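Just so it is clear, the values below take in all heavy atoms, side chains as well, and ignore hydrogens, waters and symmetry mates. Because the structure is predicted, anything quoted here is derived from the model rather than measured. Residues: numbered from 1 along the sequence shown.
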Amino acid sequence: MSEHASAGDLVLGLQGLTILRSWLLAPAGVRAGRRGMLRLAERLDEDPWSEPAVGGERTVPRGYAEWASTYDAESNPAILAEEPVVRSLLARHPPGPALDAACGTGRHSAYLRALGHEVTGIDASAAMLGAARAKVPGARLLSGDLAAIPLAGGAVDLAVCALALTHLDDPAPALSELARVVRPGGSVILSDIHPFMVLLGGHAAYRTAEGAPAFVRNAVHLPSHYLRAFGEAGLAPVRCLEPRWGERAIAALGFGGEVAELVGPALRGLPIVIVWELERAR
């Protein structure tokens, strides 16, 4: 048996979450969760439940170097929930100089280019930047760290930073840098894994090109932490959106045809990501 948690262990935990979400208001949910746990407990040695759900923990540099070749091929529940919301916010802004900070494989850079923006993307991962250069050949793509963005102050009208600050113990230095490179009155759009999900054990799980499971740790950033850091950086919240687990995101978890029955009641309706739109003080 693997030393790591299996898919069956994960789903057993989610059955427990179903019970917790139902125990006062929906007795039928309690019974359904209990039945699911009992059925699954007898099948933990069978496929697909015996398969490791995660492998070893990776550092951010190693993890994203391994993940780069499969990142766009995977069906990622967080991206399925996050991307339409972030795109709707980006589409509100007229074309101009824009930054995609921690651009990864360039999914938001490509959308910004399609909207007519002059895009600069930065990322600390050479492998991710390589994928972004193939995807967005018209963008200016630079190696750079979120705590030391290689742009002049006020260089862009708009900055987006997606699903990256979750890997930082303290997002404040990165937020200060994002505020610095955006002109007064410009906008910053952030997305992050929702702290509810991180508190429930959600981390950046992926499979390498060889199919081995691994993960990169996420940090818990509560809204109160963000609001304090926004104030220190001179960024004013314009809106906060919390996309929830829906059917597409739930289906992306896999587990065959039983996913909706076993996983849906636990996750459906919970926030999966948090998205902020911010304005730099004039």
Contact check, side chains of L90 and V160, non-hydrogen atoms, under 4.5 Å: yes
Flag side-chain contact, heavy atom, 4.5 Å: L178 against L190: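 Result yes, sub-4.5 Å side-chain heavy-atom pair found.
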Hphob cluster co-occupancy, [X] + [Y], side-chain heavy atoms under 4.5 angstrom:
| X | Y | answer |
| --- | --- | --- |
| I250 | L270 | yes |
| I122 | Y71 | no |
| L99 | Y111 | no |

Donor-acceptor contact present, side-chain [X] to main-chain [Y], <3.5 Å:
| X | Y | result |
| --- | --- | --- |
| H167 | R217 | yes |
| T70 | T208 | no |
| R58 | A65 | no |
| R228 | A172 | no |
| E177 | I149 | yes |
| H225 | L222 | yes |

Has [X] got more than 12 heavy atoms of other residues, nucleotides or ligands less than 6.0 Å from its [atom1]?
| X | atom1 | result |
| --- | --- | --- |
| F196 | CZ | no |
| R183 | CZ | yes |
| E118 | CD | no |

Worked verdict on R140 versus L151 for side-chain contact (heavy atoms from CB on, under 4.5 Å): CA-CA 12 Å; R140 176 190 180 209; L151 294 180; 3.6 Å; yes
Distance-only side-chain donor-acceptor flag, Y64 / D123, under 3.5 Å: no
Residue pair I189, H93: steps toward the side-chain contact (heavy atoms from CB on, under 4.5 Å) verdict: CA-CA 11 Å; I189 295 171; H93 296 272; 4.1 Å; yes
Nearest heavy-atom pair of [X] and [Y]: which atoms, and what distance?
| X | Y | answer |
| --- | --- | --- |
| L142 | L129 | O-CD1, 3.6 Å |
| W245 | L267 | CB-O, 3.3 Å |
| S187 | V182 | N-CG1, 3.7 Å |
| A132 | G104 | CB-O, 3.4 Å |
| H221 | P171 | CE1-CD, 3.5 Å |
| R21 | A266 | NH1-O, 2.8 Å |

Aromatic ring pairing F230/W276, orientation class (parallel under 30°, perpendicular over 60°, tilted between): perpendicular
